[in-house]
Amino acid sequence: NKARPIAHRRPPAGPPTDRPTAASAPSQDFLDQSLGEIKLLQYLNESDPSDEQHVLRLVDFFYHKEHLFIVCELLRDNLYEFSKFNREEASEPYFTLPRLRRISRQCLAALRYIHSLNLIHCDLKPENILIKSYSRCEVKVIDFGSSCFTSDHLSSYVQSRSYRAPEVILGMAYDHKIDIWSLGAIVAELLTGVVLFQNDSVASMLARIAGIVGPFPPEMLSRGRHAHKYFIDGVVYERDAETGSTFLLQPKGTSLRHRLDTDDELFLSFVGSLLCLNPDDRPTAEQALQHPWIATDPYGPGAVSDSLAT
């Protein structure tokens, strides 16, 4: 829904705000979206006064010279930038399986909280998860500019393409489980340093999805109002923009085990559950938190070292 103008006021009392902050000045083109994000952050923060749900804290907002400034707590790199830096500059990998487990648990806790308020994040990706502490491996979910309530009229164009859930691509009804799919793609990418579902085009990405996590269930294709744009008899096709000719995209058979290059059965089971094609069979955030890879501690309490500065 289009955001209504809101008056300047500070967020309600909560954790101390006498700490470093960061300010952003969104483009005027996105003013309505920014106002909506402020309202959502206020709502999220008011419902989490103790700051326990791994969601960005809004400190203040104000207008200055016809620009809206949003002041938030100061966090560190996003996971995309830090992953890139770590691969290119660091002597040892940061995103080990124990750290990925800790990051996944925090993201799922944030999603459980967000979803409990009948919200869908709608744009979960590595750039929208920021590091709070390197040494403690703490993260926070940010950017609620695309978020919506489950009761809203849901747009068919949500999520960044490489993290877009199949039900969104196919034009099916969707809910909070689209965020769960995104998290599965993110965790896989952080381990390997490579985007799991490359997106040269929507059709080629669907073929990669089918090749990695299995063929699309016929019932999904029958329910998707956009399925005819990408599938013929259950096979992905693409149309040449210049000649108009159609050709089938037969996916190269592979697996999560091969793409993630690990034999950790619990981890593979966890990522595979998040990347379940049929949203009816995909876990909720609460259910995913009960997965043995998350609920148990397979690597031991000392697996995450404190070798990096805070």
Side-chain angles (χ1 to χ4, degrees), residues 1 108 111-112 114-125 146-188 195-241 246-256 259 269-288 290-291:
N1 293 334
L108 284 170
L111 291 178
R112 175 179 60 185
I114 294 164
H115 297 164
S116 74
L117 298 176
N118 296 316
L119 281 167
I120 309 173
H121 186 281
C122 289
D123 196 21
L124 198 66
K125 55 185 177 181
S146 300
S147 300
C148 63
F149 287 94
T150 54
S151 57
D152 289 343
H153 174 72
L154 300 180
S155 169
S156 60
Y157 185 75
V158 294
Q159 302 183 291
S160 298
R161 188 186 286 176
S162 290
Y163 312 98
R164 191 174 298 161
E167 60 266 33
V168 174
I169 301 173
L170 296 178
M172 297 169 56
Y174 64 84
D175 59 15
H176 53 273
K177 288 186 179 180
I178 67 173
D179 292 336
I180 302 298
W181 174 275
S182 299
L183 181 60
I186 291 167
V187 174
V195 175
L196 183 61
F197 303 123
Q198 297 284 342
N199 63 78
D200 309 319
S201 67
V202 174
S204 64
M205 188 176 75
L206 286 170
R208 289 188 177 96
I209 291 173
I212 294 171
V213 297
F216 281 77
E219 61 269 22
M220 285 187 68
L221 301 183
S222 65
R223 287 159 52 194
R225 65 182 186 276
H226 300 317
H228 68 280
K229 300 178 183 178
Y230 308 112
F231 287 87
I232 295 177
D233 296 329
V235 180
V236 182
Y237 78 92
E238 192 161 32
R239 194 179 303 277
D240 189 289
T246 298
F247 53 94
L248 300 179
L249 299 179
Q250 294 286 358
K252 180 181 178 181
T254 183
S255 65
L256 272 178
R259 295 299 296 267
S269 171
F270 172 74
V271 176
S273 69
L274 303 190
L275 295 177
C276 184
L277 279 171
N278 193 332
D280 295 338
D281 299 326
R282 199 179 306 147
T284 63
E286 175 63 40
Q287 290 168 339
Q290 305 308 313
H291 189 282

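With D179 contributing its side chain and H121 its backbone, the two residues share a donor-acceptor pair below 3.5 Å. Of the possible polar contacts, none joining the D281 side chain to the C276 backbone as a donor-acceptor pair under 3.5 Å is found. For T284 (side chain) and Q287 (main-chain N/O), a donor-acceptor pair under 3.5 Å exists by modelled atom type. A donor-acceptor contact shorter than 3.5 Å is absent between the side chain of R112 and the backbone of A285.
Atom CD1 of residue I232 and atom CG of residue L221 lie 12.0 Å apart, to the nearest 0.5 angstrom.
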- Task: Go through the steps for C148 and L119 under the test side-chain contact (heavy atoms from CB on, under 4.5 Å), then give the verdict.
- Result: CA-CA 6 Å; C148 63; L119 281 167; over 6 Å; no

- Query: Going through the distances and angles, do L249 and Y237 end up as a side-chain contact (heavy atoms from CB on, under 4.5 Å)?
  - Reply: CA-CA 5 Å; L249 299 179; Y237 78 92; over 6 Å; no

- Item | From CA spacing to verdict: side-chain contact (heavy atoms from CB on, under 4.5 Å), I209, L196 | CA-CA 9 Å; I209 291 173; L196 183 61; over 6 Å; no

- Message: Pair T150, D175 - check side chain to side chain donor-acceptor pair (under 3.5 Å), show working.
- Response: CA-CA 7 Å; T150 54; D175 59 15; over 6 Å; no

- Item | Residue pair H291, S273: steps toward the side chain to side chain donor-acceptor pair (under 3.5 Å) verdict | CA-CA 9 Å; H291 189 282; S273 69; 4.8 Å; no

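If you check the side chains of E238 and T246, you find no donor sitting under 3.5 Å from an acceptor. Judged purely by distance below 3.5 Å, without hydrogens or angles, the side chains of S162 and Q198 never pair a donor atom with an acceptor atom.
Residues in residues 203-216 take part in these salt bridge (Lys or Arg N to Asp or Glu O under 4.0 Å) pairs, two or more places apart or across chains: D200-R208.
Considering only heavy atoms from C-beta on, H176 stays 4.5 Å or farther from L111 through its side chain. At a threshold of 4.5 Å between non-hydrogen side-chain atoms, the residues I212 and S255 do not count as touching. The closest side-chain heavy-atom distance from V236 to P251 is not below 4.5 Å. Between D123 and S160, some side-chain heavy-atom pair lies under the 4.5 Å cut-off. Contact check for H226 versus I169: no side-chain heavy atoms found under the 4.5 Å cut-off. Side-chain contact between Q159 and S182 is present, with heavy atoms from C-beta onward closer than 4.5 Å.
With sequence neighbours left out, the side chain to side chain contact (heavy atoms under 4.5 Å, CB included) criterion links S155 to Y157, V158.
The two residues P283 and L274 have their closest heavy-atom pair at CG-CD2, 4.1 Å. L277 and G214 make their closest contact through CD1-O, 3.2 Å (heavy atoms, listed as atom of the first residue, atom of the second, distance). Counting all heavy atoms, side chain and backbone alike, M220 lies closest to P166 at CE-CB, 4.2 Å. Heavy atoms only, all atoms of each residue included: F149 and L154 are closest at O-CD2, 3.7 Å.
Using a 4.0 Å cut-off between charged side-chain N and carboxylate O, E167 and R282 make a salt bridge. Under a 4.0 Å N-O distance rule, the pair D280/R223 qualifies as a salt bridge.
Between W181 and F197, the ring planes lie parallel to each other; the angle is under 30°, not in the 30° to 60° tilted range.
Ring centroids of F216 and F231 are separated by less than 6.0 Å, placing the two rings close together.
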